[in-house]
Amino acid sequence: MAAAFDEMKGHEGDEVRPAYGELAQWLKEVPPDVLDYRRREAELIFRRIGITFAVYGEADATERLIPFDVIPRIMAASEWKTLEKGLTQRVNALNLFIKDVYGAREILRAGIIPEDLVFRNPAFRPEMNGQRVPHDIYVHIAGIDIIRVDADTFYVLEDNARTPSGVSYMLENREIMMRLFPELFSRHRIAPVENYPDELLASLKSVAPLTTSKEPTVVLLTPGVFNSAYYEHSFLADKLGVELVEGRDLFVKDEVVYMRTTQGPQRVDVIYRRVDDDFIDPLTFRADSILGVPGLMSAYAAGNVTLANAVGTGIADDKAVYSFMPAIVKFYLGEEPLLKNVPTWRCREEEHLKYVLDHLSELVVKEVHGSGGYGMLIGPTASKIAIEQFRAKLKAEPKNFIAQPTLALSTSPTCVEEGVAPRHVDLRPFVLTGRNGVRIVPGGLTRVALKKGSLVVNSSQGGGTKDTWVLDS
Amino acid sequence: MLSRTADNLYWLSRYVERAEYLARILDATQRLSALPLAYVGASNEWESAVLTAGCATGFFKLYDEANEENVTDYLAFSTANSSSIRSCFEAARHNARAVRTALTMEMWDSINGTWLELKRYGNGPTSREEFSRFLRWVQESSLRFDGSAYRTMLRSDAYWFSRLGVYMERADNTARILDVKYHLLLPDNERVGGPLDYFQWAAILRSVSALTAYHWVYRDSLKPWLVADLLILKDELPRSLSSCYEAIVRNLDQIAGAYGRQGAAQRQARGMRTRLQNSKMDGIFQRGLHEFISEFITENNRLGGAITEQFLL
């Protein structure tokens with residue numbers, strides 16, 4: 001594989017790209033030990049925050065710290081504009097698609113998506129059939145994973161339409177960078193991200209049910225302290241200024257949701273829930289769930305509460321459905337998709353499967369419902385034995401898998417043991433949809449694969465994060 | 001605020017207060033047991049400590065004998081005892097984590113630091129010296145947490161509920177000491193003034209950190225009825241029943257003011273406060289000290305129930 005596109009230096013032999021001019025200059029000026037010192041300082045601050053918020057078992061203390069890289073990833077205003085348009089289009093299409101799947105099903109009748117891919121999909125929720133949701137919005141918060149392969153080409157890798165996480169890192173990374181590198185900030189004009197909680201709250205309030213008469217009451221529903229993202233939940237609730245509730249804090253009476261407060265029951269209008277569909281209401285879904293609220297779905301069906309995201313959005317998260325996204329965009333919006341999809345072979349289809357089996361050593365094979373970088377095969381770096389083992393798994397359950405070519409994710413200069421070196425990155429912008437349309441805070445969470453040559457950016461697999469700067473033109 | 005949040009704050013304070021109380025009992029007991037038998041008599045101080053801590057039933061399920069080793073382990077380090085110092089700090093930390101955003105940074109640092117430090121003591125002390133250091137550390141941790149709450153919390157319902165926890169627990173603790181040791185304080189006790197009792201009274205005062213205060217208030221040598229007067233009726237003493245109820249009423253009134261309504265908890269607390277204010281030691285002795293204290297403990301528990309029902313469910 002040829003050297004990947006570098007965010008700072010472009011392709012081999014190119015000039016430094018304009019957005020990185022100041023940073024490249026600064027990297028030349030700054031002594032290596034200062035960079036290293038700041039890196040350790042950042043780690044100390046994070047450890048403190050981490051200890052303050054996230055530690056509850058000894059072994060957890062270090063695991064919970066996601067490595068932070070002090071060299072920012074920078075995007076020019078024009079690049080961001082392109083992405084922003086593409087993301088808005090994509091999320092609009094996602095919302096229309098989910099509404100259609102649980103409503104008129106025009107896309108199925110038009111034969112664009114095979115019916116069984118929807119109806120036999122574990123993420124499909126028959127309970128949502130014919131059910132309207134407030135303002136027809138299903139995906140209020142999306143975390144769309146974007147990768148880049150050259151100056152103009154961005155691909156969507158995944159549409160995270162259920163309960164995407166990571167936004168607290170976007171906010172904290174910026175805070176830390178501003179503390180550690182004020183001089184570098186003064187040499188740039190960087191679009192702020194700190195307004196994300198305000199934008200999120202405005203979006204959530206805007207989708208309150210029509211029956212809400214006064215200022216809507218918003219809460220954040222967490223599975224509780226033992227959830228690995230609990231830190232993010234409490235962080236966000238704090239920034240939003242809303243109550244962080246657990247299932248047992250809520251109850252449903254006459255199809256209305258209330259929270260138990262010291263002043264008696266208080267009506268709840270919008271629930272930003274970070275609990276999966278399966279656990280949200282033991283009367284409707286998993287009966288053994290103690291994380292949910294009995295009867296919540298009845299209040300939802302009565303239109304008395306908004307769930308963000310809606311129940312059943314997982315259908316758009318499925319990697320086989322993903323492969324139809326270009327067609328989905330065209331079908332609902334009549335537009336060409338602005339963001340590309342990674343070419344995808346659906347192993348459920350015989351011809352695709354045959355191709356995949358013949359080219360396993362070149363492809364990335366993923367489970368359709370997998371996430372977190374688990375259960376996947378990266379052909380070019382896998383051993384012969386691993387490939388053969390995977391071949392057996394794939395043959396046994398072909399419809400559980402899709403395959404994609406190994407894309408050369410762009411690299412970005414990163415502070416590592418041997419100094420500053422290029423490492424592969426992706427980007428997760430957070431796309432908010434409210435009654436008045438889509439809002440995206442410029443930037444997102446840049447994840448970086450810290451191991452040399454590695455393409456896996458997931459934190460569970462040794463990935464780190466970077467601050468993401470969108471320059472103001 | 002969420003009832004669960006209020007509940008967590010209330011119990012967080014109670015656990016920290018209880019840990020400190022246990023440390024004081026153990027400290028006082030250690031002193032008593034170090035005295036020659038001629039000064040303290042043949043009574044088993046370690047058994048008395050278990051009774052004062054209010055966990056005799058659980059203790060004797062696990063041990064046959066109340067000796068230094070068993071009692072120290074059970075009251076300070078045992079995980080089988082849900083009210084041991086260790087269990088209290090662990091429960092406090094757990095509660096704090098669940099309501100992280102309702103605490104100030106200083107409170108969190110204090111309770112989290114205590115919890116991390118607790119691990120250093122492992123499963124118990126290796127020597128009496130180390131155990132003394134441990135007891136001092138427990139008291140300092142409680143003071144630090146209390147101080148950080150007092151100095152940094154916004155004066156709103158979160159603060160009032162956390163204060164309520166402190167005073168409800170404190171009232172209960174003081175009443176328990178009186179309940180176990182009341183016979184030492186009776187004015188007609190025949191052994192009054194003997195050397196045996198003198199050290200017992202000092203131990204009682206020590207376990208509520210009131211030994212110096214006694215001398216300041218009465219300017220007299222230790223007299224049992226004055227000890228009872230100090231612990232029950234004196235507003236000046238921060239751990240007296242009277243002083244605790246002054247604070248309970250004040251905090252409940254703050255809550256009622258903010259919420260715009262009074263409830264059963266407020267009425268009940270005010271009733272008890274009035275009774276304490278109108279009581280005189282003579283009257284209490286005439287009606288029976290033991291009866292008075294037993295009744296107080298029952299009423300205090302009832303108030304706890306009323307607070308829970310009105311706000312925390």
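Protein chains get the first letters and strands the later ones, always in sequence-line order, with residue 1 at the start of each. Quantities reported herein were computed from a predicted structural model and do not represent experimental measurements.
- With a 4.5 angstrom heavy-atom cutoff, A:Val245 touches chain B via backbone and side-chain atoms both.
- Inspection of non-hydrogen atoms places no residue of residues 194-203 of chain A under 4.5 Å from chain B.
- Closest approach of A:Thr262 to B:Tyr259, counting heavy atoms only: OG1-OH, 2.5 Å.
- Minimum interatomic distance between A:Val225 and B:Ala98 (heavy atoms only, all atoms of both residues): CG1-CA, 3.8 Å.
- Within a 6.0 Å radius of CD in B:Gln277, more than 12 heavy atoms belonging to other residues, nucleotides or ligands are found.
- Contact of the B:Phe311 side chain with the A:Gln263 side chain is not registered, since no non-hydrogen atoms from C-beta on lie closer than 4.5 Å.
- Counting non-hydrogen atoms of neighbouring residues, nucleotides and ligands closer than 6.0 angstrom, the CZ atom of B:Arg155 exceeds 12 such neighbours.
- To the nearest 0.5 Å, the span separating OG1 on B:Thr101 from CD on A:Glu243 amounts to 8.0 Å.
- For B:Glu69, the CD atom is loosely surrounded, since the number of other residues' heavy atoms within 6.0 Å does not exceed 12.
- Although no hydrogens or angles enter the test, the distance criterion places no donor-acceptor pair under 3.5 Å between the side chain of A:Thr261 and the main chain of B:Leu2.
- For A:Ile290, the CD1 atom counts as loosely surrounded, since its 6.0 Å shell holds 12 or fewer non-hydrogen atoms of other residues, nucleotides or ligands.
- Counting heavy atoms from C-beta on, the side chains of A:Asp238 and B:Arg100 never come closer than 4.5 Å.
- Neither the backbone nor the side chain of B:Asp7 comes within less than 4.5 Å of any heavy atom of chain A.
- Neither the backbone nor the side chain of B:Ile255 comes within contact range of chain A; no heavy atoms are under 4.5 Å apart.
- Annotation: B:Glu117, atom CD; neighbour count of heavy atoms from other residues, nucleotides and ligands within 6.0 Å is above 12.
- Within the 4.5 Å cutoff, the side chain of A:Arg260 has no heavy atoms near those of the B:Leu313 side chain.
- Heavy atoms of A:Gln266 lying under 4.5 Å from chain B are absent altogether.
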